[in-house]
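The block underneath contains the structure these notes are about, expressed in C-alpha cells.
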Amino acid sequence: MDSSSIESNSIEWNTEDELDVDNISSSSSHQDQIADFAPSSSSCNCRGSNTIHQFLQMGFSKEMVIKAVKENGQNEGAVLDALLAYKTFEESPEDEHVLDDPCHAELASNVLDVYPDKEICENEEFKNLSTEKDRTVSLLVEMGYQAEEALAAIDRCSLDTPIAELVEFISAAQFAYHTDAQLGELSYDNKIHQHQKVCVLFLSELTCSSDLRFLNQLYTMFLIGFPKLNGPVYMSKKKRKFYDNEMRKLQKQRKYLEKQPMDHDNEIVHLPNPMVGFGVPNQPSPVLFQRRIPDEAEGRPYFYFENVALAPKGVWHTMSRFLYYIDPEFVDSKFFCAAARKRGYIHNLPIENRSQLLPTPPSTIHEALPHTKQYWPSWDKRMQLNCILTCIGSAKLTDRIKKAVEKSGDEPLPGVKKYVIQQCKKWNLIWVGKNKVAPLEPHEMEMLMGFPPNHTRGGGISRTEQYTVLGNAFQVDTVAYHLSVLKRMFPDGISVLSLFSGIGGAEVALHRLGIPLRNVVSVEISETCRKILQSWWDETNQQGKLIHFHDIRMVTAHELEKCMSTFGGFDLIIGGSPCNNLAGGNRSTRNGLEGSKSCLFFEYYRIIELVRSMMRHR
DNA sequence: ATGATCATGAGCCCTGGC
DNA sequence: GCCAGGGCTCATGATCAT
C-alpha cells in the first residue's frame with residue numbers, strides 16, 4: 001500500500017478521536033465486542049450539537065464546522081484546531097469519501113418531511129428541538145446523511161452513542177447493503193461468513209481509529225443483521241478498494257461453497273467417540289471419510305490450530321469455516337499420557353506415518369506417580385487423571401475429605417466413597433498419604449504435560465501463575481505426534497511462527513522431535529510466559545533465532561514481512577487461541593468467540609491468511 | 001501491589017432406560 | 001426417538017494475607 005493514499009484519505013477519515021467507545025450504553029453483547037476491539041480512550045460527554053452551536057457562534061462557517069466535527073469527533077480542542085487549520089490554509093478539500101454526492105437541499109427537505117413541524121439547521125433552532133433524539137438526527141442530517149439513516153443508527157446504537165460512532169454505523173450499513181448484492185445466491189449464513197472474513201482481514205489494513213470504528217460496526221452488523229438503507233454510500237476509496245478486492249477473491253470460493261451439500265445438520269460438529277482424531281498409537285484406527293483440504297489451504301506454510309473440544313455449540317463450526325473448511329481433528333490426550341485433555345486441532349499437515357515421541361510417557365496414574373501407589377485405596381479405581389486445569393482444589397476440601405475418610409475406618413460407607421471419588425475426580429486429587437488427598441504439584445503437571453522438569457519453575461514466577469500457565473498449555477506428546485510428519489519434510493530445520501506461544505509447548509514438541517528450530521517468531525502477551533520460553537531456549541542451547549512479539553493485535557503485515565524477508569517465509573504457523581470464553585470451567589463469561597479473550601481467534605485467522613497470502617506472492 | 005485461597009454452576013456430551 | 005441422570009470442563013471474581 002502506498003503511503004500517499006493513506007495520507008490523502010486520512011484527511012477525510014483520520015479522526016484522532018477522544019470518543020469513549022467503551023462506554024456505549026447498550027446491553028447488547030455485540031457492543032461488548034466493539035469495546036473489546038476498540039482502543040480505550042478518554043471520556044468525552046459533550047454532545048455534538050452543542051459543539052456545533054458553539055463554533056457557529058464563534059463565527060466559523062457551517063460547512064467548516066461540520067467538516068471539523070466529522071473529522072474530529074466531538075473533542076472541542078481537536079475541532080477547534082482543525083477549524084483554525086482550515087482558516088490558515090484556506091482550502092476546501094473535496095469530499096473524497098462521498099461516492100454519490102448527496103444534495104444537501106434535498107436532504108434538508110427529507111428531514112422536513114420527517115419533522116414537518118420543525119425548522120431545522122440554523123443556529124438557535126438546535127437548542128429548541130424538543131428531544132435529544134431530534135438534535136442528534138438534525139446534526140447527522142447537517143453532516144449530509146439522510147434522516148432515516150440517522151434514525152436507524154440511533155435505534156440500533158442507542159442515543160448515548162457518540163456522533164462519530166453513529167456516522168461509522170451509517171457508513172457501515174450503507175456499505176453492507178451495497179456489497180451484499182455482490183455475493184448473489186449464497187445462503188444467508190454463508191454470506192455473513194464471507195463478510196466476517198473480509199472484516200477480519202481488513203484489520204491488517206487499518207491505519208486510523210476511524211477505520212477501526214467502521215470495521216467494528218460492519219462486523220457487528222454482519223453478526224446481527226443490518227438495516228437496508230438506500231442512501232448514498234459513504235466510503236473512503238481505500239476502504240472500498242480493499243473491500244471490493246476481498247469480495248472478488250471470496251466470490252471465487254462461491255463455486256466451492258455452492259457445491260457443498262445444503263445440510264442443515266452441518267452446523268453441528270460431531271465429536272468422535274472414542275476421541276482418537278485421525279488415529280492415535282495403540283488404538284484401532286477410526287473409520288475415516290475422505291479428508292479434504294481445499295487448494296487454497298494446502299502446503300507451506302503449514303498451520304496447526306488448537307482449542308478446547310467442548311466449546312459452546314457452533315464455535316467449532318465457525319472456526320472450521322474460517323480455517324478453510326478443514327475438519328477439526330479431535331483428540332483426547334489420555335491416549336498419550338496419564339491425564340485426559342480433550343482438544344480439537346485444525347491443521348493442514350499430512351496424517352500418514354506419524355510417530356510418537358520417545359520415550360513414551362507413563363499412561364496410568366500409578367506409572368506416572370509411583371510414590372503415591374501405596375496410599376491409593378482399593379475403592380478408588382481411577383487409572384488416569386482428568387484434565388489439568390488452571391486452578392487446583394482447596395486445602396479445605398482436602399481436609400474435609402481426610403476427615404470423612406478417617407471417621408469411617410477401614411471401609412467407608414458407600415455415600416462417603418461416592419462423595420470422595422466425585423470430589424477427587426472433579427479436582428484431580430491424588431492420594432499422597434494415609435487417608436490424605438492433595439492436588440497435583442506443578443512439577444507433576446509439567447511431567448504429565450510432557451515438559452522438561454522445572455520448565456515453569458523459578459525466574460520470579462509465582463506458584464499460582466505456574467498453575468495458570470500449565471493449565472493453558474499443550475500436551476506435548478499429543479502435539480508432537482501430529483507434528484512428527486514435519487521431520488522428513490524439513491530435515492534441515494524449520495522456521496516457525498508461534499502464536500499464543502504460552503510456555504512454548506510447540507517449541508518443546510518440535511525440539512523433542514529432533515527438528516532444528518532455525519527461526520521462531522513467538523507472539524505471547526504474558527511476560528511470564530515469554531520469560532519461560534526464553535529461558536528454555538537459552539538452556540537448550542538453541543542455535544536458531546528467537547524473536548518475541550507481545551500483542552497479536554499489533555502484529556502488522558509490515559513486521560511479518562520484515563521477519564520473513566530475512567529467512568524466506570515460515571514453514572509452520574502454530575498455536576492455540578485463548579479458550580477462556582469457551583471452556584466449561586468458566587462460570588461468568590463463557591460467551592463463545594465473542595468473548596473478550598476468545599475473539600482473538602479472529603486475529604489468529606488474520607495472521608494465517610496474511611502470511612499465506614504474502615507467501616503466495618513471493 | 002502481589003500472591004494465595006476459596007466459593008462460585010452451566011453447558012454439553014454420553015448413556016441407559018423406556 | 002425421547003428423556004432423565006451422570007460426568008466432565010485450557011475459569012473468574014471476591015477476599016484475605018503478606
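Sequence lines set the chain letters: A, B, ... in the order given, protein chains first and strands last, and positions in each chain run from 1.
Mapping A/Lys418 and A/Glu306 onto DNA chain C via the closest heavy atom, the residue that lands nearer the 5' end is A/Lys418. Comparing A/Gln422 and A/Phe474 against DNA chain C, the residue whose closest nucleotide sits nearer the 5' end is A/Gln422. Each of A/Pro272 and A/Lys426 lies near DNA chain B, and the nucleotide nearest A/Lys426 is the one positioned closer to the 5' end. If you find the closest nucleotide of DNA chain B to A/Ala311 and to A/Gly460, the one lying nearer the 5' end belongs to A/Gly460.
Listed candidates were C/dC10, C/dT9, B/dG9. Nearest to the side chain of A/Val308 is C/dC10. Listed candidates were C/dC10, B/dC6, C/dT12. Nearest to the side chain of A/Asn586 is C/dT12. Among the nucleotides B/dC12, C/dT9, B/dA7, the one closest to the side chain of A/Pro312 is B/dC12. Of the candidate nucleotides B/dC6, B/dA4, C/dC8, B/dC6 has the atom nearest to the side chain of A/Ala395. Listed nucleotides C/dC10, B/dC6, B/dC12 differ in distance to A/Asn472; the shortest reach to its side chain belongs to C/dC10.
Not less than 6.0 angstrom separates the ring centroid of A/Tyr345 from the ring centroid of A/Phe330.
When the side-chain nitrogen and oxygen atoms of A/Asn273 are compared with OP1 and OP2 of B/dT15, one or more of them lie within a distance under 4.0 Å. The shortest distance between the side-chain N/O atoms of A/Asn580 and the OP1/OP2 oxygens of C/dT12 is below 4.0 Å. Side-chain nitrogen and oxygen atoms of A/Ser394 include at least one within less than 4.0 Å of the OP1 or OP2 phosphate oxygen of B/dA7. The side chain of A/Arg343 contributes an N or O atom lying less than 4.0 Å from OP1 or OP2 of C/dC10. Listed pair A/Thr464 / B/dG3 fails the phosphate criterion, with no side-chain N or O lying under 4.0 Å from OP1 or OP2. One finds no side-chain N or O of A/Asn307 lying less than 4.0 angstrom from the OP1 or OP2 phosphate oxygen of C/dC10. Contact annotation: A/Ser588 does not reach the phosphate of B/dT8 (side-chain N/O to OP1 or OP2, under 4.0 Å).
One atom, CE of A/Met275, and another, C1' of B/dC12, lie 11 Å apart when rounded to the nearest Å. Distance A/Phe330 CZ to C/dC10 P: 12 Å, rounded to the nearest Å. As a whole-Å value, the separation of A/Arg341 CZ from C/dC8 P is 16 Å. The distance from atom CG of A/Leu397 to atom P of B/dC6 is 10 Å, rounded to the nearest whole Å. The distance between atom CE of A/Met319 and atom P of C/dC10, rounded to the nearest whole Å, is 12 Å. In this structure, the CZ atom of A/Arg590 is 9 Å from the P atom of B/dC13, given to the nearest Å. To the nearest angstrom, P of B/dC12 lies 15 Å from NE2 of A/His270. Taking atom NZ on A/Lys396 and atom P on B/dT8, their separation rounds to 11 Å, with Å as the unit.
Nucleic acid contact class of A/Leu582 (heavy atoms, under 4.0 Å, all strands): none. Using a 4.0 Å heavy-atom distance criterion, A/Cys579 is classed as a base contact. Using a 4.0 Å heavy-atom cutoff across all strands shown, A/Ser577 reaches at least one base atom of the nucleic acid. Using a 4.0 Å heavy-atom distance criterion, A/Trp316 is classed as making no nucleic acid contact.
Side-chain atoms of A/Asn581 never come within 3.5 Å of backbone atoms of A/Asn591 as a donor-acceptor pair (strictly under, hydrogens ignored).
With both pairing distances under 3.5 Å, C/dC16 is matched to B/dG3 as a Watson-Crick or G-U wobble pair. Nucleotide B/dG9: unpaired (no Watson-Crick or G-U wobble partner with both distances less than 3.5 Å).
Side-chain atoms of A/Leu497 and A/Ile607, non-hydrogen and from C-beta on, do get closer than 4.5 Å to each other. Residues A/Phe278 and A/Pro286 form no side-chain contact, since every pair of their non-hydrogen atoms from C-beta on lies 4.5 Å or further apart.
A/Glu367 and A/Lys373 are not joined by a salt bridge, as no carboxylate oxygen comes within less than 4.0 angstrom of a charged side-chain nitrogen. The pair A/Glu329-A/Arg354 counts as a salt bridge, with a side-chain nitrogen and a carboxylate oxygen less than 4.0 angstrom apart. Salt bridge present: A/Arg606 and A/Glu603 bring a charged side-chain N and a carboxylate O closer than 4.0 Å.
Remark: the separation of the P atoms in C/dC10 and B/dT5 is 24 Å, to the nearest Å.
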